[in-house]
Protein chains: 2
Amino acid sequence: MPVNKRAEPEAEKKAQLMAAARQLFVQDGYESTPMGRIAKAAGVTPNTIYWYFEDKDALLLAVLDELFQENMATFLTVARKPLAEQLLWLVQTLRGFSRLISTVHARVRESKPVDQWHSQFHSIVEQLFAMQLPQEMTQAAIAAEVRIAAFTVEGLVTHVLDDDAVRLTCQQLASRWARA
Amino acid sequence: MPVNKRAEPEAEKKAQLMAAARQLFVQDGYESTPMGRIAKAAGVTPNTIYWYFEDKDALLLAVLDELFQENMATFLTVARKPLAEQLLWLVQTLRGFSRLISTVHARVRESKPVDQWHSQFHSIVEQLFAMQLPQEMTQAAIAAEVRIAAFTVEGLVTHVLDDDAVRLTCQQLASRWARA
DNA sequence: GGTGATCTTGACTGGCATTTAAGAGGCGCG
DNA sequence: CGCGCCTCTTAAATGCCAGTCAAGATCACC
């Protein structure tokens, strides 16, 4: 039996709420945006959000998934460029969501779903990098280098740094693999 | 005019509150420990804490300062060992306070005092590392390497990893400077 | 033993996520 | 057509928490 033949299907309403949440999460940070503000931005009352999302955490995860999918698509554009450039692209892209990145790291401890999302995100991104490192390296060395790269990216994203510092750090990081 | 000739001088009471807060912050995390619980652990009412500390933030900073001083003293023990060992020591030490590290990074955005503390901490630690890198490197390269090291340490501290992974990553990181 | 500074407390405020239960509106079936 | 049911929305309430306020209690010194 088909349900939901309303003017505005569930998926659409959900997307609206996510758009409002996303904008505020990115701009003001997850912790600093009350559900009430998201609701107002979407033109509903706070409780309505709870009909579409289990809780604030679920809303966060939905936004994270959306952002991930969008940027994964964009990544294909730079996937064949040199590693240093990919690194720089990644950092600059993530910098646009630095508050969200901080939030994820903060919430990993208290929210199992966020923890899982975070683990999966790391797995995918690290896999993507690992496969581009020189074949001569041992598995252990590759794993270590990947961690160094991942953590450096995170640091560059979450700390206040000027663009030069970011660029130089990416270059320095990549220079390691060029001559190996 | 001498004040505070009470049985329990201000400094002592402050230390008690800090001890209670520290234990709970490290164990449960700053965000998950209400002032009330700290108060109960110290045998007072929540409001008493506010006589000794401006707010929860100030209490956090006091604990951070204490931790920093204590561990800075211990650092002198390993200061002359090879860089890779210093790195490993640092990571293992900080891992004991990983929740606090996450909290600092999360709060940097909303609390100027925490931001300042964090900046100063980075300055000192990075300075300590920079001076041990090979003299032949350019200033820019040193700065970049230091950032890579600092961010890698942070990543190793705040992410869930087994000891082997931590050790291998430190070695790999340090191997860069050995042959330079 | 009174006076003022130092400390402690209970009661309160305001913000927030989330729950509960009561509505409003459309859909299909008799 | 109308009646009940599922879908959606809401107002009102709950409970937790950081922080404020104003009234005590305790002490140090005169």
Side-chain angles (χ1 to χ4, degrees), chain A residues 1-18 20-22 24-25 27-63 99 103-104 106-107 109-114, chain B residues 1-18 20-21 24-25 27-63 99 103 106-107 109-114:
Chain A
M1 67 232 67
V3 289
N4 223 344
K5 295 213 194 298
R6 308 284 270 239
E8 226 173 278
E10 165 160 347
E12 198 170 322
K13 192 75 182 236
K14 230 168 156 167
Q16 279 178 252
L17 293 173
M18 282 166 63
R22 169 178 170 167
L24 290 166
F25 285 171
Q27 186 182 86
D28 303 338
Y30 174 85
E31 295 81 356
S32 313
T33 85
M35 293 295 264
R37 205 175 311 171
I38 299 169
K40 190 180 290 185
V44 296
T45 57
N47 297 3
T48 299
I49 301 178
Y50 285 91
W51 197 87
Y52 292 94
F53 297 94
E54 174 78 20
D55 53 17
K56 202 181 173 186
D57 231 48
L59 183 50
L60 172 64
L61 286 169
V63 169
R99 308 198 69 140
T103 292
V104 167
R107 294 190 62 67
R109 241 103 182 180
E110 11 185 354
S111 162
K112 171 108 57 187
V114 172
Chain B
M1 65 233 65
V3 288
N4 224 344
K5 295 214 196 296
R6 313 281 271 239
E8 225 175 277
E10 165 161 346
E12 199 170 321
K13 191 76 181 239
K14 234 170 152 165
Q16 278 178 253
L17 293 173
M18 282 166 63
L24 291 166
F25 286 170
Q27 185 182 87
D28 304 336
Y30 173 85
E31 295 81 356
S32 314
T33 84
M35 292 296 264
R37 206 174 311 170
I38 299 169
K40 190 180 290 186
V44 297
T45 57
N47 296 1
T48 300
I49 301 177
Y50 287 92
W51 198 87
Y52 292 94
F53 297 93
E54 174 78 19
D55 52 18
K56 204 181 173 186
D57 232 47
L59 183 51
L60 172 64
L61 286 169
V63 169
R99 307 196 71 137
T103 292
R107 295 190 61 66
R109 242 109 181 174
E110 12 184 354
S111 161
K112 171 106 61 184
V114 172

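Below, chain A is the first sequence line, B the second, and so on; all start at residue 1. Everything numeric in this text was worked out from a predicted model, so none of it was measured.
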- Query: A:Ile49 CD1 to C:dT19 P: how many Å, rounded?
  - Reply: 14 Å

- With sugar-phosphate meaning primed atoms plus P, OP1 and OP2, does B:Thr33 contact a base, only sugar-phosphate, or nothing at under 4.0 Å between heavy atoms? sugar-phosphate

- Query: Want to settle it: does B:Val44 or A:Gly36 sit nearer the 5' end of DNA chain C, counting the closest nucleotide to each?
  - Reply: B:Val44

- Whole-Å distance between D:dG19 C1' and B:Leu59 CG? 14 Å

- B:Met35 side chain, from C-beta outward: closest of C:dT18, D:dA18, D:dT9: D:dA18

- Task: Measure from the side-chain heavy atoms of A:Tyr52 and tell me the nearest of D:dG19, D:dT9, C:dT6.
- Result: D:dT9

- Item | Closest nucleotide among D:dT7, D:dG19, C:dT9 to the A:Trp51 side chain | D:dT7

- Message: Can a donor-acceptor pair be found, under 3.5 Å and without considering hydrogens, that links the side chain of A:Ser111 to the backbone of A:Arg107?
- Response: no

- Task: Please name all residues satisfying salt bridge (charged side-chain N to carboxylate O under 4.0 Å, His left out) with B:Asp28, sequence neighbours left out, ordered by chain then number.
- Result: B:Arg37

- Item | Exam field: side chain A:Lys56 to backbone A:Pro34, donor-acceptor pair closer than 3.5 Å | no

- Taken to the nearest whole Å, CD/B:Glu10 to C1'/C:dA5 is 13 Å

- Here the distance between atom C1' of C:dT18 and atom CD1 of A:Ile38, to the nearest Å, is 14 Å

- Rounded to whole Å, CD of B:Glu31 lies from P of C:dC16 at a distance of 17 Å

- Query: Of the nucleotides C:dC7, C:dT8, D:dT20, which has the atom closest to the B:Tyr50 side chain?
  - Reply: D:dT20

- Among D:dG19, D:dT10, C:dC16, which nucleotide sits nearest the side chain of A:Thr48? D:dT10

- Task: Quick one: pull up CZ in A:Phe53 and CG in A:Leu59 and give me the separation to the nearest 0.5 Å.
- Result: 5.0 Å

- Query: Could you give the NZ-to-P distance, from B:Lys56 to D:dG19, as a whole number of Å?
  - Reply: 8 Å

- Separation of C:dA17 atom C1' from A:Leu60 atom CG, nearest Å, is 14 Å

- Task: Starting from C1' on D:dC27, measure out to NZ on B:Lys13 and report it in whole angstrom.
- Result: 14 Å

- Message: For a side chain to side chain contact (heavy atoms under 4.5 Å, CB included) check, start with the C-alpha distance between A:Lys14 and A:Leu17, then their side-chain angles and the critical distance, and finish with the verdict.
- Response: CA-CA 5 Å; A:Lys14 230 168 156 167; A:Leu17 293 173; 5.6 Å; no

